[in-house]
Amino acid sequence: MAPGAALAPGLTSFLRSLKTNPSEHSVDHLIALLKRRQIRNSRPCAVATTALIEKVVGEFKGHDAMKLLDRVRSVGRRLTAAQPREVVVGNIVRRVLGLIREVVEDNVGGDLIGTSETGRSTPTQHDHGFRPPLNSSISSFSPLRHAAVEPMDASLYASDMSDSGELSRRPPLLSSHTSYAPTSSAPLVNSLFGLFSQPVDSSTNVSTPTGQASPDGKGAHSLNLDRLTELNRSQHFDLKGEVMNGIQELQEELEQSDKQIADLAHEHIHANEIILTHTASTTVQKFLTKAAKNRKFTVVHAETYPHDNTATHEVLLTGRKQGGKAQDEDDKWKCLTELGIPVYVIPDSHVFAIMSRVNKVILATHTVLANGGLVAAAGAHLIAQAAKSHQTPVVVLSGVYKLSPVYPFDLDELIEYGDAGAVVPYEDGEFVDKVDVEHPLYDYVPADLVDLYITNLGGHAPSFLYRIVADHYRTEDVVL
Amino acid sequence: MSETAAKEAVQPPTESKDAKPAEGEAPKSAEGETAKKISPAELKKQKAAEKQARRAQQKTTSGPAATPQGPQSKEGAKQQQKGSKQAPKDDKSRPIPTRTKPSQTNIAPPPPQQQSKREAKQDPKQLGLFFGHLYSQPRKHSMVGTSKDVHPAVLALGLQYSSYTICGSTARMVAMLLAFKALIESYHTPKGTSLSRHLIQLLGPQIEYLRDCRPYSISMGNAIRWLKDIIVKTDPSTPEYEAKRDLLEEIDMFIRERVTAADKLIRDVAVTKILPGDVILTYASSSIVEQTLLQAHASGIPFSVIVVDSKPLFEGKTLARKLANAGLKVRYFLITGASHAIKDASKVFLGAHAMMSNGRLYSRVGTALVSMLANAQSLPVIVLCESVKFTEKVALDSIVGNEVAPPEELLSESERYALLHLKPHLPKSHPVTTEETPAEGAKSAPSDVLKWIEASKNLHHLQVLYDVTPAEYIDMVITEYGSLPPSSVPVVHRLSTNI
């Protein structure tokens, strides 16, 4: 809108530059923007990452799926390293990686599953000493791994022995990278079954340490995928085209998720409710606006001072955020107050006092974690806890793209600290000098404080989220 | 009169709405009577107040045109007095220099009567959903229109109340007693009445004025009740000089016993709760917590402090500054970061505005959140509270009884400034966009933002000052009677009032 907006580095300028710049350039550009926090918050990050990955895939030459995977993964690694707390970046990259795998698998039919899996497990016979790289990242532990505990057919194992094991069927989730206690039982089961079918080799199998069933798989992987790509070439399927289609679907999902979430509003807001919410979240505003079309209710808005509280007031006054979003005309929506919904702005300290009148708490989120907890703007924990102590239901609105396979083992790793100058201005030098002023931007809200998640797929209990994670991310990609 | 006044004193701010319409008439007529009775005799003492009123009258040459709710029909004999009494009321447009708050300056446009009337009418309707029952009339920020009986010391005090210069339950109570001391010192019993009867009548308008400036605290209510009690008990036969001396001594004693000595006892006990290596978390600012922390620091216990604070008053900032200046290690969080702050804390010390008889703590808004978090973390929550702040009132939530603060305080000057650029983006239906389009070139001031908010029909800012912390979040209350669980509050309250 304003001409100055084009000059300010941010999502809009990035998307514009993406059209002209080569992908490598754009990657650096996005990294810089992320590092400088010029692109912040989940949605802009998601949009930027998707656009960038689309560009990267678009510029990719050749038909080698493995190389494409590697390329996307390396870009993803650099992006997440640039701003590890914007978990959404990693989520999008993982989604795209999963997409590529899916495309390949779909085209090769059952074959790929067999190939990649056997490809993974074959080396176990040969290099026992090979151990997976230790994952220091918090995300390396996932319930998905438990799937690997499933015992498998002895026939499977037998097929491993034969070099032409491509046609063998296996549960696809067997492909764990790392060795944790649950996984470690897998090889044992393996070898016990194998005792009957493979008298010689399996004996060495038994003696090998736990990691043997879960190698890195890189070398074998590429080996197999090389074979695969040969296969692909012979089949001439359009890897790039299909992946691009998938990415476009992902972009559509990003655009649609708010609307899809808002469509569920009527099921969750009834007449004359008093709803407490916080932050300037577009998702929440759209949700409430949708409900306001034919229900009357009251909104209490905690202003989340000092982080982005200006944006909160902006949203309340005008109905939309001014910063970052320049495509304002096409997503125009009326602000709540215009729809006749009374909005009461309260400071964050009033949450407990007002909670006894509130019927429902609706929280916006930054990231949803696989255990059902969430990372949201600072103050969310207070609100959720106060709601809990008043037995008020807490509803969290989140697009699936914010759902991350990350587990919160180290909370501090997820919490970003902001400019202390927003808390106490630096003009007050004496104070800033002597007192440790801290300004956490995010709160972690444990799963037991949340009653319901509403995503673009529908409503879920927090305990169910791990299943949705499993649906959207491949175990192979959990660690980028 | 004395009885109604006493009742008023006891009455909580919560009922002021109901009481208001009646008060608009009743005390005023009563005032008229007292004024008539006093005026011949005690002119000398009231000279200062008189002068104030007269000066104000000179300013408003327009005369007593239309007072909003002033008593209209009175006998001609009183007309003169009434003139001097009413005239200042019209002077609302003239902001007194003591009105320091920038937020208030913009609510003084040309037609003051209508403005204030509209405000009074609008507010309860707007905010009726939550605290409608608490809105009575906007807080008084000037001394115009006050009864001439109000002592100058009390006048000054009221303004200090309304601008938060004197803030905090104990501080307000002590300041009030000191002002009353000044009043008693300069007091002469008019002929034909006794001190015990007349002084209580005189206290009425003082208390009313203070309440108009800011609803009084529980401790003030307790102190007022106590003061009236000892005044009534004064033997009419004692000579005025002696009676006054006794009263002054009593007040000094009250302050010494119930505040100074109590504080000492409390902090001596509380200091023993601070162990080396502790991280004490406190919310906002409490004088007794501050004293305790400073004393513990002075006695050489190595510990650090986390101050959690909240807008709009930022009282904790003052506390953090004082503690840091004393050499303590202080960390400072806002309430949004409280869940992070609480992780590093080992004990929570809280001040109180009042302790309810059902064991609940009535304190600065946000205290409940902090103690809730502490409770969830199984941290001990210790309340430091003088027994003068105990009350027989009970409360279950923070809504039935509370003090509503002006919503303009919610947005600081810089925040308003940050929102200024929104003007072109305001929704089409917004009155500001429709009416003020020609004045585009004019520079908009930060105060405009408030006007937008006021003008937008459904957007309200809401601010109260206190909240009620459930008793189960509180592990210990330290008073001068010792350390007790919150359930013992009513017992101690009875103990302390029945001495």
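Basis for what follows: all heavy atoms, side chains included, without hydrogens, waters or symmetry-related copies.
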Measuring heavy-atom distances to chain B, does [X] have an atom under 4.5 Å in its side chain, in its backbone, in both, or in neither?
{"X": "A:Ile383", "result": "neither"}
{"X": "A:Asp428", "result": "side chain"}
{"X": "A:Val299", "result": "neither"}

Which portion of [X] sits near chain A, non-hydrogen atoms under 4.5 angstrom:
{"X": "B:Ala338", "value": "side chain"}
{"X": "B:Ser310", "value": "side chain"}
{"X": "B:Lys317", "value": "both"}
{"X": "B:Val464", "value": "both"}
{"X": "B:Leu373", "value": "side chain"}

Find the one option among [options] whose heavy-atom pairs under 4.5 Å with chain A are most numerous.
{"options": "B:Asp467, B:Val370, B:Leu334", "value": "B:Leu334"}
{"options": "B:Asp397, B:Asn375, B:Ile399, B:Leu396", "value": "B:Ile399"}
{"options": "B:Val305, B:Val308, B:Asn325", "value": "B:Asn325"}
{"options": "B:Gly337, B:Ala368, B:Pro312, B:Gly327", "value": "B:Ala368"}

Exercise. Can you find a side-chain donor-acceptor pair between A:Asp443 and B:His340 that sits under 3.5 Å?
Worked result: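 Yes, B:His340 and A:Asp443 have a side-chain donor paired with an acceptor closer than 3.5 Å.
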Problem set entry | Any side-chain donor near an acceptor of the partner, B:Gln463 and A:His350, under 3.5 Å |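 Per modelled atom types, B:Gln463 and A:His350 side chains form no pair under 3.5 Å.
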Exercise. Is it true that a side-chain atom of B:Ser398 and a backbone atom of B:Tyr466 form a donor plus acceptor pair closer than 3.5 Å?
Worked result: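 Flag not set: sc B:Ser398 to bb B:Tyr466 has no pair under 3.5 Å.
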When rounded to the nearest 0.5 angstrom, what is the spacing between [atom1] in [X] and [atom2] in [Y]?
{"X": "A:Leu288", "Y": "A:Ile275", "atom1": "CG", "atom2": "CD1", "answer": "6.0 Å"}
{"X": "B:Tyr362", "Y": "B:Ser169", "atom1": "OH", "atom2": "OG", "answer": "10.5 Å"}
{"X": "A:Asp348", "Y": "A:His278", "atom1": "CG", "atom2": "NE2", "answer": "10.0 Å"}

For this session: Using the ring of A:Phe287 (Phe, Tyr or Trp, six-membered ring only), decide whether A:Lys290 places NZ or CZ under 6.0 Å from its centre and within 45 degrees of its axis.
Result: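 Judged by the rule, A:Lys290 and A:Phe287 form no cation-pi pair.
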